[in-house]
Amino acid sequence: MSLLRLDIDDRQVVMHTEGAVCASTQELAESASFARILDLYVDQLESHNPAALAELGLPARAAVLDLIRLLANNPLERVARTWAGPDDLLAGRERLHELVEGLYDFWRRWDRFLVVRAAAAAPPGDQRPLRAFSQTVETLARLVRDLYRDVAENVTGGRPRVYRQVAAGAEVGVYAVPQKWPAPARYRELLAGIPFVRNLLMYPPLLLDPPTNTRSGQFMEVSENPLSGLTLEREKWLCYPALVGRLVVFVYFHQRFAGLGLSLANLFEVASDEEIAAGPDAVYLYGVPPASLARFGELPTVFHDDRASRLLVAAVPLEDRFGYFGYLKKMVLTLHNVAAMDRGVMPFHGAYTRLVLADGSAAGVLLIGDTATGKSETLEALRIVGDERIREVRVIADDMGSLEVAADGRLLGYGTEIGAFVRLDDLQQGYAFGQMDRAIIMSPNRVNARVVLPVTSLEDVLRGYAVDYLLYANNYEAVDDGHPVLERLPEQEAALAVFADGAAMSKGTTTATGLTNSYFANPFGPAQRPEQHDALARKTFAAAYAAGVYVGQLRTQLGLPGSESVGPRAAAAALLELIAGGGASPAASSGAPSGPPEPKGA
């Protein structure tokens with residue numbers, strides 16, 4: 001098994017190779033990597049029962065390895081005739097079978113990643129390296145599965161009637177290639193040689209159990225560059241070049257966070273070779289040595305505007321308390337939002353969807369609100385309550401985006417992500433199971449279990465659709481006579497006050513509890529730069545009212561116990577009635593896109 005390295009910790013296995021891993025089950029069984037995995041398994045056995053090998057009639061660890069290798073190609077009866085051990089192998093057939101099953105389960109309990117490294121990018125149009133990469137990943141899965149089955153069947157003397165084609169090799173394969181980009185001198189030495197993710201092959205549904213399942217505090221803008229004086233073990237890093245709306249962010253991540261870093265594939269498209277060569281708008285290092293950020297305090301989740309290099313940079317330490325996908329995704333979106341404000345565009349924290357009704361009328365619906373206020377849940381409920389009345393639900397932004405005033409006065413909305421990162425508990429019943437074949441599920445056995453899955457296309461994210469309904473997602477007020485499900489805010493100042501207050505009932509997605517407030521429900525950029533954002537918000541809301549956009553608040557009740565499902569469903573029904581009752585709002589023009597998106601950096 002020709003691996004460059006086999007890196008193992010308590011949660012994952014990361015295999016590194018430059019080509020084919022192995023060609024046969026015998027080669028796999030004879031490899032040093034197999035011997036290492038078996039040795040770790042015996043460590044576990046003996047930690048629970050020091051006499052485990054003796055009870056199997058195996059005098060030493062070397063005997064276990066020798067026996068497994070023999071059983072890869074020989075039935076137990078044949079091996080027993082020449083076995084030099086002290087006990088009768090045939091008498092211990094059942095225990096030996098348990099050993100084999102336990103080894104297979106032990107291997108599969110890890111999150112497993114295979115990084116196939118290429119020395120250089122393939123010439124344009126040459127698909128052979130990609131085909132070889134796919135074959136390497138798939139061959140490893142087949143050989144691991146075949147080795148397990150051969151050994152198990154040789155021990156038991158029988159064949160199972162049910163075969164389960166589990167992802168027995170790597171759950172995610174990565175094709176990583178060095179790429180050239182115009183790195184400023186101060187970053188060139190730090191990052192040179194770290195390969196870029198160019199292709200991925202994954203076996204969903206992918207179940208991950210990251211070190212933690214909540215996020216704490218805000219990301220802090222600092223005057224000192226967090227990458228200054230930094231050194232990295234570059235052989236343990238990868239770069240995911242993410243298309244984030246109309247921007248490019250190079251996300252460098254340490255392999256200890258490989259599962260989280262590679263889950264970006266379900267959230268952001270991979271940038272092209274040309275986009276990489278043009279350089280990024282921001283660079284984020286996720287998993288730097290903790291000591292390098294100690295100067296920034298107890299929560300060193302920081303970003304910096306390097307104006308001299310015309311680059312936003314960010315860093316988060318390699319600590320388990322930051323091993324949550326929210327630290328990865330939200331920092332990327334913070335960098336997007338800061339860059340958007342610098343370009344004169346208002347970012348939003350919300351879900352934006354274009355609905356096309358059965359009669360052909362269309363409406364762009366933007367729900368703004370903090371994490372777990374019912375934005376995505378309400379829009380998903382629309383799919384159910386409007387099943388016969390809605391022809392199409394097109395997702396533009398699931399969590400973050402930007403609003404831009406067009407030359408003709410329309411308010412245009414753009415997205416950032418092609419995927420969604422949502423609470424599994426709050427999805428409509430059955431929805432997550434319908435999408436399971438593409439999903440990455442995180443912390444499934446804990447509070448705030450999450451799923452990452454693709455929900456839209458990059459074309460829709462970037463196209464720019466006019467907004468017809470601009471609503472604040474209110475998850476904390478119960479619906480009664482004085483608090484309708486859907487409430488219009490006819491005055492701009494009143495609307496700005498509601499949106500700026502950013503009130504929400506916490507749902508356990510962060511360490512905050514109870515009723516919280518966040519400036520414009522967006523602690524990811526606007527909260528760090530309120531004066532800059534305030535001017536953009538006033539311009540944007542003035543344009544919304546001038547264009548006749550329906551501005552108000554929608555009470556989703558998601559934060560109220562017992563209303564987690566019925567609240568978003570009632571909100572969806574009220575919203576559907578409003579749209580269907582008058583067609584699209586007076587601003588209705590979202591049926592026509594704004595034209596091609598602006599180029600990166602425009």
Whether [Y] and [X] form a salt bridge (side-chain N of Lys/Arg under 4.0 Å from carboxylate O of Asp/Glu) is what I want to check.
{"X": "Arg61", "Y": "Asp43", "value": "yes"}
{"X": "Asp273", "Y": "Arg198", "value": "yes"}
{"X": "Glu235", "Y": "Arg5", "value": "no"}
{"X": "Glu298", "Y": "Arg321", "value": "yes"}

Under a 3.5 Å distance rule, please check whether [X] uses its side chain to pair with a backbone N or O of [Y] as donor and acceptor.
{"X": "Asn213", "Y": "Val447", "result": "yes"}
{"X": "Trp237", "Y": "Gly193", "result": "no"}
{"X": "Lys180", "Y": "Ile276", "result": "no"}
{"X": "Glu27", "Y": "Ala23", "result": "yes"}
{"X": "Thr416", "Y": "Met400", "result": "yes"}
{"X": "Arg11", "Y": "Asp111", "result": "no"}
{"X": "Arg149", "Y": "Tyr163", "result": "no"}
{"X": "Arg112", "Y": "Trp110", "result": "yes"}
{"X": "Tyr240", "Y": "Phe268", "result": "yes"}
{"X": "Arg438", "Y": "Pro454", "result": "yes"}

Less than 4.5 Å apart, side chain to side chain, heavy atoms only: is that true for [X] and [Y]?
{"X": "Leu114", "Y": "Leu201", "result": "no"}
{"X": "Leu206", "Y": "Asn266", "result": "no"}
{"X": "Leu99", "Y": "Val64", "result": "yes"}

Taking all non-hydrogen atoms of both residues, which atom of [X] and which atom of [Y] are closest, and how far apart?
{"X": "Gly259", "Y": "Gln12", "value": "N-OE1, 4.1 Å"}
{"X": "Trp83", "Y": "Leu89", "value": "CG-CD1, 3.4 Å"}
{"X": "Ala258", "Y": "Phe253", "value": "CA-CE1, 3.9 Å"}
{"X": "Arg69", "Y": "Ala35", "value": "NH2-CB, 4.1 Å"}
{"X": "Pro226", "Y": "Ala315", "value": "CB-CB, 4.2 Å"}

Between Asn448 and Arg446, do the side chains contain a donor N or O and an acceptor N or O under 3.5 Å apart?
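Short answer, no.
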
Verify the distance criterion only: is there a donor paired with an acceptor across the side chains of Gln44 and His48 at less than 3.5 Å?
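Looking only at side-chain atoms, His48 and Gln44 do not form any donor-acceptor pair under 3.5 Å.
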
Enclosure of Glu94 CD (heavy-atom neighbours >12, cutoff 6.0 Å):
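Counting neighbours around CD of Glu94, 12 or fewer heavy atoms of other residues, nucleotides or ligands fall under 6.0 Å, so no.
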
What class does the angle between the rings of Tyr327 and Phe322 fall in, given that below 30° is parallel, 30 to 60° is tilted and above 60° is perpendicular?
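Rings of Tyr327 and Phe322: perpendicular, as their planes differ by over 60°.
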
If the plane angle is over 60° it's perpendicular, under 30° parallel, otherwise tilted; pick one for Phe196 and Phe250.
perpendicular

Audit row: Asp209, Arg109, salt bridge (Lys or Arg N to Asp or Glu O under 4.0 Å) steps and yes/no
CA-CA 11 Å; Asp209 189 22; Arg109 74 174 176 84; over 6 Å; no

Qualifying residues under side-chain hydrogen bond (donor to acceptor under 3.5 Å, both in side chains), relative to Glu77, sequence neighbours excluded
Arg93

Please test Val316 against Tyr284 for side-chain contact (heavy atoms from CB on, under 4.5 Å), starting from the C-alpha separation and ending with a verdict.
CA-CA 8 Å; Val316 166; Tyr284 175 25; 3.2 Å; yes

Reference residue Glu417; test side chain to side chain contact (heavy atoms under 4.5 Å, CB included); the match among Val461, Thr456, Val244, Leu333
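Among the candidates, only Leu333 passes.
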
Pair Val283-Leu191, side-chain contact (heavy atoms from CB on, under 4.5 Å): steps then yes or no
CA-CA 10 Å; Val283 170; Leu191 303 173; 4.2 Å; yes

Determine, step by step, whether Arg215 and Thr301 satisfy the side-chain contact (heavy atoms from CB on, under 4.5 Å) criterion, reporting the C-alpha distance in whole Å, the side-chain angles of both residues, the deciding distance to 0.1 Å, and the verdict.
CA-CA 11 Å; Arg215 179 178 50 80; Thr301 53; over 6 Å; no

Run Gln255 and Val115 through side-chain contact (heavy atoms from CB on, under 4.5 Å) and show every step you take.
CA-CA 10 Å; Gln255 69 174 26; Val115 180; over 6 Å; no

